[in-house]
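Each chain gets a letter, A, B and so on, in the order its sequence line appears, and its residues count up from 1.
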Amino acid sequence: MNLSARERNIWIDVITSLIIGLYYLKYLLKIENWSGIWTGDIKSFIYVVVAVAIASSVLKFAGISKKDAMEAADERDILMAAKAAAAAYYTLMTLIIAFIGHLVFAHTIWQIFAFAEFLNSPVAVAHVLLLIVMITSIVKGFSQLYYYKRGH
Amino acid sequence: MPKTLKNSKILKNSIRLRRFMADEMTQSALAKSVGVTRQTIAAIEAGKYSPSLELAFKIADIFELDLQVLFSYELD
């Protein structure tokens, strides 16, 4: 596999986001009390985020040669980033609108359908919004890699 | 009435041949001359990326050729 420094960094970013996202999801599923922000095992979650972020930076730094470091983004990199940003935008809008729809209609239309506690907890809403941001970031990374692979 | 363009046409190029004829110029050397990455030149040669008009002119300039000699719009 012959990747540019930029593609290599995107791979590292995507894998980092995936690890953090999955760990975050695992943390969310363990929460029983949604009333406070310091719920569940948040300490170990923060440790994992910091450790993964450091490992990701080290990997990026180690993989960059002097020649790569001087290489600026060219028109193809900019185009791929723009296309990926468009895909991420649609994902973000879809998830946000779906979540707003849930917040608005949960009490009325599908009130039997669980997750009602979310509506009473701003912390839970913040967690869901953060999860949406993470999903969007992963979609952006994967889209960018897909466009690099497929071309045009 | 203007001619209707068919979607099955693609942008083809003879960069690889021209590099070979230019004393076996490497992709890296060409990339450096026109200010893009080697991967972008590889993608253009493989038909995976259509360069901007400006980049196409820059590449043609390197080989001292007209644009239509280096690039053509043909049926797939």
Side-chain angles (χ1 to χ4, degrees), chain A residues 1-18 56-91 137-152, chain B residues 4-20 22 24-63 65-76:
Chain A
M1 210 161 37
N2 193 3
L3 301 175
S4 66
R6 200 162 296 274
E7 280 180 80
R8 217 165 35 227
N9 285 351
I10 297 167
W11 267 112
I12 295 170
D13 282 340
V14 167
I15 291 166
T16 305
S17 303
L18 264 178
S56 152
S57 303
V58 169
L59 271 175
K60 277 186 191 173
F61 188 75
I64 294 173
S65 68
K66 208 174 174 184
K67 199 180 92 196
D68 283 344
M70 292 188 307
E71 212 171 58
D74 65 11
E75 59 173 51
R76 180 167 157 264
D77 295 320
I78 294 166
L79 180 69
M80 300 304 159
K83 282 183 170 184
Y89 171 78
Y90 287 121
T91 308
S137 153
I138 293 168
V139 167
K140 183 175 185 287
F142 270 124
S143 311
Q144 212 166 343
L145 292 170
Y146 168 75
Y147 286 123
Y148 270 117
K149 190 89 187 156
R150 195 197 70 169
H152 288 285
Chain B
T4 312
L5 291 174
K6 296 252 168 69
N7 283 338
S8 55
K9 279 188 168 185
I10 58 161
L11 193 67
K12 289 186 177 175
N13 67 78
S14 58
I15 297 175
R16 195 170 186 157
L17 172 71
R18 301 294 167 181
R19 277 198 303 111
F20 181 75
E24 295 188 24
M25 179 192 273
T26 61
Q27 286 181 338
S28 303
L30 177 59
K32 203 176 169 189
S33 313
V34 295
V36 295
T37 60
R38 191 195 64 74
Q39 284 78 13
T40 296
I41 295 296
I44 295 170
E45 283 188 4
K48 281 187 164 187
Y49 174 64
S50 300
S52 67
L53 204 52
E54 190 184 357
L55 178 56
F57 270 113
K58 279 182 182 173
I59 297 170
D61 265 0
I62 296 291
F63 297 114
L65 292 169
D66 283 336
L67 201 61
Q68 62 269 36
V69 176
L70 199 59
F71 292 94
S72 56
Y73 193 51
E74 297 170 18
L75 284 170
D76 194 6

Return yes when atom CZ of B:F57 has more than 12 non-hydrogen atoms of other residues, nucleotides or ligands closer than 6.0 Å, and no otherwise. no

I need the A:M80 CE to B:Y49 OH distance, nearest 0.5 Å. 6.5 Å

Taking all atoms of both residues into account, what is the closest heavy-atom pair of A:D74 and B:V36, and its distance? OD2-CB, 3.3 Å

Tell me whether B:K12 at atom NZ has more than 12 heavy atoms from other residues, nucleotides or ligands lying less than 6.0 Å away. yes

For A:K149, does its backbone N or O pair with a side-chain atom of B:K48 as donor and acceptor, under 3.5 Å? yes

Any chance you could measure B:L55, atom CG, to A:R76, atom CZ, to the nearest 0.5 Å? 11.5 Å

Whether over 12 other heavy atoms sit under 6.0 Å from B:E74 CD: yes

